[in-house]
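To start, the structure under review is shown below, and the notes come after it.
Chain naming here is simple, since letters A, B, ... match the order of the sequence lines and numbering starts at 1 in each.
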Amino acid sequence: MSIHFYNTISRQKEEFLSIEEKKVRMYTCGPTVYDFAHIGNYRTFMFEDLLRRYLEFRGYEVIQAMNITDVDDNTIRRSREKGVSLKELTNEYKAGFHADLKSLNIQPAHQYPEATQYVSEMIEMVQELEKMGFAYKTDDGSVYFDIGKYDGYGKLAHLKPDEMERGERVTDDSYEKEGARDFALWKGYKPEDGDVEWDSPWGKGRPGWHIECSVMSTELLGAHFDIHCGGVDNIFPHHENELAQSVCANGSKFVNYWMHSEYLLVDNKKMSKSLNNFYTLRDLLDKKYPLAAIRWMLLTTHYRQKLNFSVERLDEAQKAVNRLREFVSKLADYDGQGHDDGKNSVMSAKADFTAAMDDDLNISGGLAAIFELVRWGNRAMDNEELSKEGAGKILKLVQSFEHVLGVLTMKEEPSPKLDTVYIESKIAERNAARANKDFARSDAIRDELADQGIELIDTPDGTKWKLK
RNA sequence: GGCGUGGUGCCCAAGUGGUCUAAGGGAGUGGUUUGCAAAACCAUCAUUCGCCGGUUCGAAUCCGACCCACGCCUCCA
C-alpha cells in the first residue's frame with residue numbers, strides 16, 4: 001500500500017515517493033505578518049499540520065520549514081499607517097501567529113525563516129539570475145524576471161502567459177517593465193518605503209515578494225525537496241514565480257509535490273479582509289467556541305474541498321470530539337470480563353483508516369473508520385463482551401490516531417473568571433438537597449449555575465461540571 | 001474572454017462502472033440510563049445521487065448538452 005497525493009502541477013493523484021528513504025522535506029508557505037491571521041488562513045496551516053502528522057503516522061521523519069514574510073508592500077504600508085517601525089509591527093503579529101498555532105495544537109515547524117534575515121542570499125540569487133540572462137534591470141533600480149526566457153512558465157498554474165487577460169493593471173503599476181507580466185525580483189527604493197531599504201548592486205531597495213521563498217527553501221531544505229504547500233491562492237502568481245526562479249537559478253528540479261488547500265468560505269464567499277467577512281481565532285474564542293471544535297471543523301473537511309464556515313458547524317464539531325473523548329475515557333476505565341480481545345476490530349479500523357488517508361488524506365473516510373470502531377467498542381463494552389486487554393489495545397490504536405488528529409488532548413484556555421470554590425460549594429449544597437429528595441431546591445441550584453454557563457452532569461461517580 | 005472546482009438524505013460529507021437498495025458525523029425519532037434532566041450509549045433514518053439525453057448486461061460513478069454555485073487569470077492561506 002502506498003500513499004497518493006494530488007499534485008497541483010500534474011493535476012492528478014500521484015504515488016508519493018520521498019527523495020530520501022523515510023524522510024520528507026516540506027516547505028509550507030507561512031503568513032505575511034501585517035495583521036492577525038483569520039481562520040481561513042489557519043485552514044491552510046491546519047492542512048499542512050495534518051499532512052505532516054499523517055506522514056509521521058506512516059513512519060516518515062518530516063523536516064518542515066515555514067516562512068514568515070516580514071517585508072512586503074502590506075507590512076510596509078501598515079507600519080507607516082500605524083506609525084511604528086517595520087520590526088515592531090511584524091514582531092507583534094509574529095507573536096500572535098505563534099500563539100495561535102500553539103492554541104490550535106499545530107505542531108511547530110522546525111524552522112521559521114524570516115525574509116529580512118535572508119536579504120543578502122536573495123541578492124545573490126537575483127545576481128545569479130541576472131548573470132544567466134533570466135533577469136534584467138530597469139531604470140528605477142528594480143530587477144525583473146523575464147518570463148519569456150523560461151519556457152516552463154505557467155506550468156504550475158496551467159496558465160499560458162499570452163492567453164491571460166490584461167485588465168487595466170498597466171496603468172496602476174508604477175514600475176517599468178519590458179514585458180507586461182514579468183515580476184519583480186528586486187524593487188528599487190521608493191519614498192513610500194520609508195526607512196525600509198537594503199544596499200544592493202542595483203542601488204538601495206528591497207526584495208520582491210517571491211524571491212524569499214526560493215532562497216529560504218534552498219537554504220534550509222536544498223534546491224530539490226519533496227513537498228511544497230500553501231493555499232490555492234498561492235498557486236498563481238506566488239508559487240509559479242518561485243518555481244521559475246528556483247529552477248532557473250539552481251538549474252535543478254525544485255519540488256516533487258505541490259499541494260494546495262482550498263478556501264474557507266463564509267456564506268459561500270471566500271473569507272477575506274476586503275469582504276469583511278472574516279473571523280480571527282480570538283473572535284471565536286471570545287464567543288466561547290472551544291479550540292477543539294475549531295480544530296475539528298478545520299481539519300475534517302477534505303483539504304481540496306471548499307469549506308463553508310458557520311458557527312453551527314462548530315457545535316457539530318464539538319459533539320463529535322466529545323463522542324471520541326467519551327470513548328477514550330470509557331476505554332481507560334473499562335474493567336469488564338468479556339472474551340473478545342478486539343483484535344479484528346483493531347486490525348480493520350487501522351487498515352481502513354490508513355487506506356483512506358493514504359488516498360490523498362481522505363479524512364472523511366479516515367473518520368468513518370474511527371467512528372465505526374467507536375460504535376463497535378461501545379457496544380462491546382456495554383455488553384461486557386470486550387476483555388480488559390482488548391480495551392487496552394483499542395485505546396492504544398485510538399491514541400495513534402490522535403497523533404494524526406491532535407484534538408483529543410487539546411487544552412482549552414481556562415476561563416478567567418471562574419470561581420471553582422463557589423461552584424463546588426453549590427454542587428455540595430445541591431447534593432445535600434438531592435439526598436433529602438428536595439428536588440425543587442436541587443433543580444433551582446442547577447438552573448442557577450446553568451445561567452452562569454456551567455453545566456452539571458450527574459454520574460455514578462458523583463456530580464461533575466463543565467462549561468457549556 | 002481564457003482556465004478550473006463543486007452540486008449526494010433535514011444539515012455536513014465519503015464514495016468515481018457491479019459487493020451502493022450509497023460510509024461516517026450532526027439533527028430528528030424510539031429505547032437504555034437518570035429523582036427529573038443533561039451528557040453518554042444503543043437502534044432507526046436516501047430504491048436515491050442538480051437536470052435532460054446517450055453508452056453499457058449494469059452508472060451517483062463514463063460521454064454530450066443544459067442549469068446553478070464558487071474560484072483563479074491583480075495583493076490574498
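- Applying the side-chain contact (heavy atoms from CB on, under 4.5 Å) test between A:Ile106 and each of A:His98, A:Arg53, A:Met46 identifies A:Met46 as the sole match.
- Remark: P of B:rC3 and CG of A:Asp233 are 22 Å apart, rounded to the nearest angstrom.
- Atom name P, nucleotides B:rG2 and B:rG58: the rounded distance is 37 Å, in whole Å.
- Within the 4.0 angstrom heavy-atom criterion, only backbone atoms of the sugar-phosphate kind lie near A:Gly230; the bases stay farther away.
- For the pair A:Lys269 NZ and B:rU5 C1', the interatomic distance rounds to 15 Å; values are reported in whole Å.
- By the 30° and 60° cut-offs, the orientation of the rings of A:Tyr93 relative to A:Phe36 is perpendicular.
- Rounding to whole angstrom units, CG of residue A:Asp352 and P of B:rU19 are separated by 18 Å.
- Residue A:Asp333 qualifies as enclosed at atom CG: its count of foreign heavy atoms under 6.0 Å is above 12.
- B:rA60 and B:rG71 are spaced 31 Å apart, taking the P atom of each and rounding to whole Å.
- Between A:Glu429 and A:Arg441 there is a salt bridge, since a side-chain N of the basic residue sits under 4.0 Å from a carboxylate O of the acidic one.
- A:Asp443 has a carboxylate O that lies under 4.0 Å from a charged side-chain N of A:Arg446, or vice versa, which qualifies the two as a salt bridge.
- A residue-by-residue look at A:Ala157 and A:Asn234 shows that A:Ala157 has its nearest nucleotide of RNA chain B further toward the 5' end.
- Distance A:Leu159 CG to B:rG71 P: 17 Å, rounded to the nearest Å.
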Worked check of salt bridge (charged side-chain N to carboxylate O under 4.0 Å, His left out) between A:Asp140 and A:Lys190: CA-CA 9 Å; A:Asp140 65 349; A:Lys190 291 190 295 178; over 6 Å; no
Determine whether A:Asp340 and A:Arg379 satisfy the following criterion, salt bridge (charged side-chain N to carboxylate O under 4.0 Å, His left out), listing intermediate values before the conclusion. CA-CA 12 Å; A:Asp340 195 325; A:Arg379 211 187 299 122; over 6 Å; no
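- B:rU44 and B:rG24 have their C1' atoms separated by 16 Å, with the value rounded to a whole Å.
- Residue A:Met381 is out of contact with every strand shown, counting any heavy-atom pair closer than 4.0 Å.
- As rounded to the nearest Å, B:rA65 and B:rU19 have C1' atoms that lie 33 Å from one another.
- Taking atom P on both B:rC45 and B:rC62, the two are 29 Å apart, rounded to the nearest angstrom.
- For CD of A:Gln337, the number of neighbouring non-hydrogen atoms (other residues, nucleotides, ligands) closer than 6.0 Å is 12 at most.
- Ring geometry for A:Tyr303 against A:Phe47 counts as parallel: the plane angle stays under 30°, on a 0 to 90° scale with 60° as the upper cut.
- An OP1 or OP2 oxygen of B:rA40 is reached within less than 4.0 angstrom by no side-chain nitrogen or oxygen of A:Asn378.
- Not one side-chain nitrogen or oxygen of A:Arg375 sits closer than 4.0 Å to the OP1 or OP2 atom of B:rC42.
- For A:Tyr263, a side-chain nitrogen or oxygen approaches OP1 or OP2 of B:rC72 to under 4.0 Å.
- A distance of about 46 Å separates the P atoms of B:rG53 and B:rA40, rounded to the whole Å.
- For RNA chain B, the stems formed by at least three consecutive Watson-Crick or G-U pairs, with both atom-pair distances below 3.5 Å, span B:1-7 with B:67-73, B:10-12 with B:24-26, B:28-32 with B:40-44, B:52-54 with B:62-64.
- The side-chain hydrogen bond (donor to acceptor under 3.5 Å, both in side chains) with A:Thr116 is formed by just one residue from the set A:Thr90, A:Asp70, A:Thr75; it is A:Asp70.
- Put simply, A:Lys270 has a side-chain N or O that comes within less than 4.0 Å of OP1 or OP2 on B:rC72.
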What does the B/S/- profile of nucleotides 11-16 of chain B look like, 5' to 3', with a 4.0 Å heavy-atom cutoff to protein? BSSSS-
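- To the nearest angstrom, P of B:rC72 lies 17 Å from CG of A:Asn241.
- Salt bridge A:Arg77/A:Asp73: absent, no basic N to carboxylate O contact under 4.0 Å.
- To the nearest whole angstrom, the two C1' atoms, one in B:rG15 and one in B:rG9, are 15 Å apart.
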Where protein sits on nucleotides 28-39 of chain B, one letter per nucleotide: B base, S sugar-phosphate only, - none, heavy atoms under 4.0 Å: -------BBBB-
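- Remark: A:Arg304 is positioned above the aromatic ring of A:Tyr6, its terminal NZ or CZ atom under 6.0 angstrom from the ring centre and at most 45 degrees off the axis.
- Between A:Glu316 and A:Arg313, no side-chain nitrogen of the basic residue sits less than 4.0 Å from a carboxylate oxygen of the acidic one, so the salt-bridge criterion is not met.
- The C1' atoms of B:rA22 and B:rA13 are separated by 12 Å, rounded to the nearest whole Å.
- One atom, CG of A:Leu324, and another, P of B:rG25, lie 10 Å apart when rounded to the nearest Å.
- Ion pairing between A:Asp458 and A:Arg430 holds under the 4.0 Å rule for side-chain N and carboxylate O.
- Residue A:Leu264 is in base contact, counting any heavy-atom pair closer than 4.0 Å across all strands shown.
- What separates CD of A:Glu240 from P of B:rU74 is a distance of 12 Å, to the nearest Å.
- Of the candidates B:rC70, B:rG2, B:rC41, the closest approach to any side-chain atom of A:Arg323 belongs to B:rC41.
- Spacing between atom CG of A:Leu156 and atom P of B:rC73 amounts to 13 Å, rounded to whole angstrom units.
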